[in-house]
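In what follows, chains are A, B, ... by sequence order, proteins preceding strands, each numbered from 1. Just so we're clear, the structure is a prediction, and the values are computed from it rather than from any experiment.
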Protein chains: 2
Amino acid sequence: MARERKFSTDELFQATKLLLLKHGYEGFTFSLLADYLHVSRGAIYKYYENKEELISEFMLYEMNEFLLDIKGIEQIDGFQDQLDFLIRIMFKNEKIQQLIEMGKEIPKSTNEKARVNKEKLDMLHLQMYHNLQGFVLKGKEEKKLNASIPDGLILGYIFQSVAIPNHFDIPQTEWVDSIKEMICHGILKR
Amino acid sequence: MARERKFSTDELFQATKLLLLKHGYEGFTFSLLADYLHVSRGAIYKYYENKEELISEFMLYEMNEFLLDIKGIEQIDGFQDQLDFLIRIMFKNEKIQQLIEMGKEIPKSTNEKARVNKEKLDMLHLQMYHNLQGFVLKGKEEKKLNASIPDGLILGYIFQSVAIPNHFDIPQTEWVDSIKEMICHGILKR
DNA sequence: CCCTAAAGTGACACTTGTGTTACTTTGTTT
DNA sequence: AAACAAAGTAACACAAGTGTCACTTTAGGG
């Protein structure tokens, strides 16, 4: 290295995540990011040709981290423990659905790397469902999961449920327990 | 009227909805809207000082329509019928949660009308939960709803569940029935 | 010690969006 | 048919984002 870098890739991705969630895809700009990191825009352009390339690269990183988390489910025995694990992971990665939806806003770019990254991203998205397919199938075979619900929907449902906005500031523990209860048994009294 | 208008408020709001959902809050511009309506930007500025004012006005309109729909629940007897009605209304207004979240992106503007509209919007949001409080309380009293879940969360949960993205293109009827089933009884086998 | 090369900067040219205004168009009113 | 007023346009000045490039800074190797 000829000169020390003012920001690491980790710092850059962390800032990207924060600013993307705060301002949305279109509201996110290199100026915002550069200001946040206390560097000039030019410095960021040294590493990424444009917004599409940066964000697609960032999304790939986030998605891989998430998939790594999810793979942990394979080390766990017993359906109920797996479900508990999955819900915990989902809460830990609460924001990723929002990021994934943003990833879909990336326009088809002239930038080759961004195009390739977008394809990889779609692959990872499928792979994620694939990795969890085993869990769902096992649950249905063991008569633990309602077999009449399509596999993908069960997963999408868990995904969606952990992202309910907490408008009424219900304390974290009660919040998580209540959502878990509803995911498992619904809103009706048992 | 001195001259026929090229676009009605209804057309304008419909276009606003479409473009907001397509491009997001920051991605939405007067140029986009003007092009869509085949008028000049200036024509829109005749009615709204800026984006904040237009969008807050639009959100107020959408929210009032939605509240009107929701009020229909008071004409219905019996908890289960009310729940069916509510879920049907939620599916009909599938996109409104997304719009409400966007409404929160409106920055505190210098524009007085936008500021007032934002306050009204917050009021309507609370009123919506208030209007449905009766339904939830009744459900809990009649021992139909799980009483250990906070009222606001039960509503937020229904809200959120109807907005699951249908990535796998499951047919509408199966989709709706499955989600209804999960809202009521969860993902586990009964 | 000086040269190299990566890291970073600042300025430039360009594009896109904003808000305003003088002007034109077009129904209605008298 | 003249005049009026609301509707709409086109052009201007400005602000903000983009992408590039010549230039400066700085750690390390010869």
Side-chain angles (χ1 to χ4, degrees), chain A residues 1-16 18-58 102 105-115 117, chain B residues 1-16 18-58 102 105-115 117:
Chain A
M1 193 87 60
R3 181 179 167 179
E4 210 180 338
R5 282 187 58 169
K6 291 180 74 179
F7 59 98
S8 66
T9 301
D10 264 20
E11 285 168 334
L12 186 122
F13 280 173
Q14 193 215 311
T16 300
L18 191 139
L19 294 173
L20 262 183
L21 289 171
K22 185 164 175 183
H23 300 279
Y25 180 80
E26 296 285 353
F28 176 91
T29 67
F30 268 33
S31 310
L32 221 50
L33 186 56
D35 284 352
Y36 185 88
L37 293 170
H38 302 293
V39 294
S40 67
R41 277 188 312 119
I44 304 175
Y45 276 104
K46 278 274 150 76
Y47 304 96
Y48 304 94
E49 270 190 17
N50 53 40
K51 185 162 133 174
E52 282 72 49
E53 190 180 316
L54 164 62
I55 292 184
S56 65
E57 207 87 16
F58 159 73
M102 267 183 212
E105 283 191 51
I106 304 175
K108 36 178 174 288
S109 167
T110 46
N111 182 307
E112 182 63 9
K113 202 182 270 173
R115 213 185 46 69
N117 282 345
Chain B
M1 194 85 61
R3 183 179 164 178
E4 211 180 338
R5 282 187 58 167
K6 289 180 76 179
F7 59 99
S8 65
T9 301
D10 263 19
E11 283 167 335
L12 184 122
F13 280 172
Q14 193 215 312
T16 299
L18 191 139
L19 295 173
L20 262 182
L21 290 171
K22 185 163 175 184
H23 300 279
Y25 180 79
E26 295 285 352
F28 177 91
T29 66
F30 268 34
S31 309
L32 221 49
L33 185 57
D35 284 354
Y36 185 90
L37 293 170
H38 302 293
V39 294
S40 68
R41 275 187 314 117
I44 304 175
Y45 275 104
K46 278 274 151 74
Y47 304 98
Y48 304 93
E49 270 189 16
N50 53 40
K51 187 164 132 173
E52 283 71 48
E53 189 179 314
L54 164 62
I55 293 185
S56 65
E57 207 87 16
F58 159 72
M102 267 184 212
E105 282 192 53
I106 304 176
K108 36 177 173 288
S109 169
T110 45
N111 183 309
E112 181 63 12
K113 202 181 270 172
R115 212 185 48 70
N117 283 345

Are the side chains of B/K113 and B/E52 in contact, using a 4.5 Å heavy-atom criterion?
no
Got a donor-acceptor pair under 3.5 Å from the side chain of A/R3 to the base of C/dA7?
yes
Do nucleotides 12-20 of chain D as a string where each nucleotide becomes B, S or -: B if the base has a protein heavy atom under 4.0 Å, S if just the sugar-phosphate does, - if no protein is that close.
-----SBBB
Can you find an N or O donor on one side and an acceptor on the other, under 3.5 Å apart, linking the side chain of B/K6 with the base of D/dG8?
no
Go through the side-chain N and O atoms of B/N117 and B/E53 and say whether any donor and acceptor fall under 3.5 Å apart.
no
To the nearest 10 degrees, how far apart in direction are the end axes of the helix from C/dC1-D/dG30 to C/dT30-D/dA1, each fit to five base pairs?
10°
Under 3.5 Å donor-acceptor, A/E11 side chain and A/S8 backbone:
yes
B/Y48 near the nucleic acid: base, sugar-phosphate alone, or nothing, with a heavy-atom cut-off under 4.0 Å?
nothing
Using the six-membered ring of A/Y25, assess whether NZ or CZ of A/K51 lies under 6.0 Å from its centre and within 45 degrees of the ring axis.
yes
Fit a plane to each ring of B/F7 and B/Y47, take the angle between them on a 0 to 90° scale, and name the class: parallel (under 30°), tilted (30 to 60°) or perpendicular (over 60°).
perpendicular
Do B/E105 and A/H23 have side chains that get closer than 4.5 Å, going by heavy atoms?
no
Tell me whether the NZ or CZ atom of B/R41 lies within the 45° cone about the ring axis of B/Y45 and under 6.0 Å from its centre.
no
Nearest whole Å is fine: how far is D/dT9 P from B/D35 CG?
11 Å
Assess, by modelled atom type and distance only, whether the side chains of B/N111 and B/E49 contain a donor and an acceptor separated by less than 3.5 Å.
yes
